[in-house]
Amino acid sequence: MNTIVLVCGPAAIGKSTFCRRYAAEHPCGEFHIIAADDLRKELYGGYDKFPPNHNMMLVYEEMVNRAKKLIEGKDNVTVAFDTTMLYDERRIFFARHLQGFDKKVLICLRLHDYSICLVRNKSRIKEKWVPENVILDMAAHYEDPSEECLRHFDEFHEYYVD
């Protein structure tokens, strides 16, 4: 079964760490992580670099294309997307565009105190640091998935990672 796992949360909440742990706990034929940050670095030259006009849809479309290529002709691949997806609009975009996956899983990471993200941010390599005001803004605007959004997924999980 080809599975897509969308791992959502503000910057520095621990999405990358969660994806690696998820891979270890869910052995399957193949497991791949596609991280928006790494893709931005590859395509635009740095973790702090963005597409023209900050059009992240260019990155998201490339994530979708790469995920689809990973499952071509295969039937036991899990692909985890490591990107913020703070809003239903982005979560639904991915769900709609990831045809060919047998199972779609949405995972929202939470913290009881989002100031922990500020500490975690400083523990990352300096190149990946996100400005504190951006992290706080992300945490303040992080939306719970709506019922409409959840209809696009086979499973939904919420995990507190503090």
Are I4 and I34 joined in one hydrophobic group, where the rule is that I, L, V, M, F, W and Y side chains link up if heavy atoms are under 4.5 Å apart?
yes

Would you say the side-chain atoms of D154 pair up with the backbone N or O of K104, donor to acceptor, closer than 3.5 Å?
yes

Look only at the side chain of D113 and the backbone of S115, and say whether a donor-acceptor pair between them is shorter than 3.5 Å.
yes

Is a side-chain N or O of K15 found less than 3.5 angstrom from the main chain of P10, in a donor-acceptor match?
yes

Counting only N and O atoms by type, is there a donor-acceptor contact under 3.5 Å from the side chain of R91 to the main-chain atoms of M85?
yes

Nearest 0.5 Å please: distance from the CZ atom of R151 over to the CZ atom of F156.
14.5 Å

Does D102 use its side chain to pair, donor to acceptor, with the backbone of M1 at less than 3.5 Å?
no

What's the spacing between L58 CG and R40 CZ if we round to 0.5 Å?
12.5 Å

Hey, do the aromatic rings of Y160 and H112 have their centres closer than 6.0 Å?
yes

Ignoring hydrogens and geometry, is there a side-chain-to-backbone donor-acceptor pair from R120 to I13 under 3.5 Å?
yes

Rounded distance (nearest 0.5 Å) linking atom SG of C149 with atom CG of L106
5.5 Å

Between Y142 and Y114, how do the two ring planes meet: parallel, tilted or perpendicular, split at 30° and 60°?
perpendicular

Kindly say whether the aromatic ring centers of Y44 and F50 come within a distance under 6.0 Å.
no

L98 with M57, same ILVMFWY side-chain cluster at under 4.5 Å
yes

Do N65 side-chain atoms and E61 backbone N/O form a donor-acceptor pair below 3.5 Å?
yes

Quick one, C117 with L111, criterion side chain to side chain contact (heavy atoms under 4.5 Å, CB included). Give me CA distance, side-chain angles, the key distance, then yes/no.
CA-CA 9 Å; C117 290; L111 288 167; 3.4 Å; yes

Geometric class of the F93/Y60 ring pair [parallel <30°, tilted 30-60°, perpendicular >60°]
tilted

Quick one: closest heavy-atom pair of T3 and F101, and the distance?
C-CD2, 3.4 Å

Pair I135-L118, side chain to side chain contact (heavy atoms under 4.5 Å, CB included): steps then yes or no
CA-CA 7 Å; I135 293 173; L118 302 178; 3.9 Å; yes

Take atom CG in D75; do more than 12 heavy atoms of anything else shown fall under 6.0 Å from it?
no

List the steps, then state whether side chain to side chain contact (heavy atoms under 4.5 Å, CB included) holds for F153 with V105.
CA-CA 6 Å; F153 295 91; V105 179; 6.0 Å; no

Are I33 and Y47 linked, directly or through other ILVMFWY residues, by side chains that come within less than 4.5 angstrom of each other?
no

Side chains of D144 and E158: does their closest heavy-atom pair fall under 4.5 Å?
yes

Verify the cluster assignment for F18 and L86: are they in a single hydrophobic cluster under the rule of side-chain heavy atoms below 4.5 Å apart?
yes

Gap separating the CG atom of N2 from the CG atom of L70, nearest 0.5 angstrom:
10.0 Å

Counting neighbours of NZ on K126 that are heavy atoms of other residues, nucleotides or ligands and sit closer than 6.0 Å, is the number greater than 12?
no

For L39, the option from V59, D82, T83 that meets side-chain contact (heavy atoms from CB on, under 4.5 Å):
V59

Heavy-atom nearest pair, M138 first then A11, reads SD-N, 3.3 Å

Any side-chain donor paired with an acceptor under 3.5 Å for E30 and H32?
yes

Give a yes or no answer on whether the side chain of N121 reaches the backbone of V130 with a donor-acceptor pair at less than 3.5 Å.
yes

Considering only heavy atoms from C-beta outward, does the side chain of I107 approach that of V5 to under 4.5 Å?
yes

Could you tell me whether K41 and D38 have a side-chain N and a carboxylate O separated by less than 4.0 Å?
no

Residues E25 and R20 bridged, charged N to O under 4.0 Å
no

Does any donor atom in the side chain of E155 or H157 lie under 3.5 Å from an acceptor atom in the other side chain?
yes

Return the minimal non-hydrogen interatomic distance between M63 and A35, and the atom names on each side.
CE-C, 4.5 Å

Can you get from V161 to L6 by hopping between Ile, Leu, Val, Met, Phe, Trp and Tyr side chains that sit under 4.5 Å apart?
no

Considering only NZ, NE, NH1 and NH2 on the basic side and carboxylate oxygens on the acidic side, decide whether K68 and E72 come within less than 4.0 Å.
no

Enclosure of E89 CD (heavy-atom neighbours >12, cutoff 6.0 Å)
no

Reported CG-to-NE2 distance for the pair D88 and H152, which is rounded to 0.5 angstrom:
8.5 Å

Rounded distance [0.5 Å steps], CZ in F31 versus SG in C19
6.0 Å

